[in-house]
Amino acid sequence: MKAMPWNWTCLLSHLLMVGMGSSTLLSRQPPPLSQKRSFVTFRGEPAEGFNHLVVDERTGHIYLGAVNRIYKLSSDLKVLVTHQTGPDEDNPKCYPPRIVQTCNEPLTTTNNVNKMLLIDYKENRLIACGSLYQGICKLLRLEDLFKLGEPFHKKEHYLSGVNESGSVFGVIVSYSNLDDKLFIATAVDGKPEYFPTISSRKLTKNSEADGMFAYVFHDEFVASMIKIPSDTFTVIPDFDIYYVYGFSSGNFVYFLTLQPEMVSPPGSTTKEQVYTSKLVRLCKEDTAFNSYVEVPIGCERGGVEYRLLQAAYLSKAGAVLAQTLGVHSEDDLLFTVFSKGQKRKMKSLDESALCIFILKQINDRIKERLQSCYRGEGTLDLAWLKVKDIPCSSALLTIDDNFCGLDMNAPLGVSEMVRGIPVFTEDRDRMTSVIAYVYKNHSLAFVGTKSGKLKKKSERIKKMWCKYIYNGMLLSHKRRQNRTICNNMGGP
């Protein structure tokens, strides 16, 4: 459903946005406007590139995944300890990797690019996965980065053969009395026979246990994974699913993706390749992955479509923004950054938008789709599975908010796009990252841009709020409240 104008206009009046470069930290107390803001910085070795960063919520320590190295930093960016991960002799064509069996391919000194970095709080360890040896992982002790384990002797230990940073996302599902699960989502780089695109793995308490990273369930016919069928590549030779973000909420695990599709432009009989942003949802307890559903997402403002997902972040609504949106303060919101159009993945246009999705609305749309499919309406409509013409099967059952699928009507696609609420656009310096949190009941969002420069957008947005408020674009019962906000901020 297209957002009504007053929705995003009211939202703007409760959302302060500041852009910042990814290599800086903000000081806690803002200095006077006449002074320049100073930042603490950290620079690695000249040949290194930084790939991933996680912060220990309990200690404030920062773990930085770089090329050939893992850093542990203090909260003020002082190096506490490092762990070497590469380079080493390897060849991406070696499967299994040479550390398991002899490889006939020529070996060269190869960098180890960090592709995933996760904190396992329950076992006080860091999961660091790299690009060497088909994507094996190290389990490092948080305190000193001592290697607790490095499983590599089974095919389940090879998580991804893609060498690019950012090709893997992981979500840990924790239990009090059981071993945790690790949901892994990865691009497969044309090798679906080796790597599932999504799977759930065991996180054993013992870092050296034989079952570490084994599939949660696996028999002759069913496993805790989704594989891209090989015949998909006959339609789109370079097909892959590119994962941008992952998180868990309630009973579900979610991944945000970019996927190529072949579509026919209006008035044309030929098809062209575009990229569609999609949210993928799975039940945490679904060992057979019958609950797999994906839904396209995007946003539009002023007639301009923003469809290429760049970044996302899950946050709570906060009391003030929740009142505007008509949700609860503890409801989950997705803060997302999209670039304009659909045709360019690697070289996105500079025009970009910050948009917000209410997660409950996405889940409601998925529930509607599940209900209609189980009434026998429509087809499975999942382009990459080439099953668009397979009809949904009817079944008499109740589908509630926590329905986790059956061994029918799965995996399932939603055809109608869910549109987010656009709150800010940038035409020249493309937004590339976003974080958000609630401070004193207000929602704050920070974005990083392509140039990496610090840009404060609040003054520009303030003028935008007041322009729309004074032009009477809000519903009548909102006008007085927002006019007061503008006056208090020095509006017109």
Side-chain angles (χ1 to χ4, degrees), residues 42-54 62-73 79-120 125-170 182 184-191 193-196 199 201 203-204 206-210 212-214 240 243:
F42 169 74
R43 291 179 175 86
E45 298 296 324
E48 288 180 345
F50 296 155
N51 308 122
H52 296 98
L53 179 149
V54 291
I62 299 164
Y63 297 88
L64 185 63
V67 176
N68 298 326
R69 202 183 305 266
I70 304 295
Y71 290 93
K72 179 180 179 180
L73 309 176
V79 177
L80 301 178
V81 64
T82 65
H83 181 93
Q84 195 81 18
T85 61
D88 205 350
E89 297 293 307
D90 195 17
N91 187 309
K93 294 182 180 180
C94 292
Y95 187 95
R98 71 162 185 87
I99 55 176
V100 177
Q101 69 180 39
T102 302
C103 179
N104 295 325
E105 301 291 342
L107 302 177
T108 59
T109 302
T110 306
N111 287 330
N112 195 1
V113 179
N114 178 255
K115 295 198 296 180
M116 187 178 76
L117 201 65
L118 289 174
I119 294 178
D120 182 356
R125 61 193 176 191
L126 188 70
I127 303 172
C129 305
S131 58
L132 284 178
Y133 314 132
Q134 303 297 334
I136 65 171
C137 302
K138 290 186 176 185
L139 296 109
L140 308 175
R141 190 162 57 200
L142 288 178
E143 181 182 2
D144 54 6
L145 298 186
F146 174 79
K147 186 175 77 172
L148 300 170
E150 187 179 17
F152 61 83
H153 57 283
K154 291 184 176 181
K155 65 179 182 180
E156 290 89 349
H157 298 149
Y158 319 137
L159 299 187
S160 173
V162 180
N163 290 325
E164 297 177 3
S165 171
S167 60
V168 181
F169 261 92
L182 173 62
I184 290 286
T186 177
V188 301
D189 197 25
K191 294 174 279 190
E193 68 275 19
Y194 295 151
F195 306 104
S199 58
R201 313 298 187 99
L203 272 184
T204 58
N206 182 354
S207 297
E208 296 183 316
D210 189 59
M212 177 65 77
F213 299 138
D240 217 330
Y243 293 89

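All figures in this text were calculated on a predicted structure; none of them were measured in a lab.
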Going by distance alone, is a donor N or O of one side chain under 3.5 Å from an acceptor N or O of the other, for T110 and E89? no
Provide the closest heavy-atom pair for C103 versus R98 in the form atom of the first, atom of the second, distance. CB-CB, 4.2 Å
Measure the CG-NE2 distance between L126 and H83 for me, rounded to the nearest 0.5 Å. 10.0 Å
Are V168 and C129 close enough that some pair of their side-chain heavy atoms sits under 4.5 Å apart? no
Using the benzene-type ring in the case of Trp, are the ring centres of Y194 and Y95 under 6.0 Å apart? yes
Please round to the nearest 0.5 Å and tell me the distance separating atom CG of L203 and atom CD1 of I127. 4.5 Å
Salt bridge flag under 4.0 Å for residues R69 and E48: yes
Do you know the tightest heavy-atom contact between P96 and Y158? CB-OH, 4.0 Å
Rounded to the nearest 0.5 Å, how far does OG of S160 lie from CD1 of I136? 13.0 Å
Smallest separation among heavy atoms of F50 and G44, with atom names: CZ-N, 3.3 Å
For K138 and T85, test the side chains for any donor-to-acceptor distance below 3.5 angstrom and give the result as yes or no. no
Determine yes or no for a side-chain-to-main-chain donor-acceptor pair under 3.5 angstrom, with D210 supplying the side chain and M212 the backbone. no
Are there over 12 heavy-atom neighbours, none belonging to D144, within less than 6.0 Å of that residue's CG? yes
Can the ring centres of Y133 and F152 be said to be less than 6.0 Å apart? no
All heavy atoms of L117 vs all of Y63, minimum pair found to be CD2-O, 3.4 Å
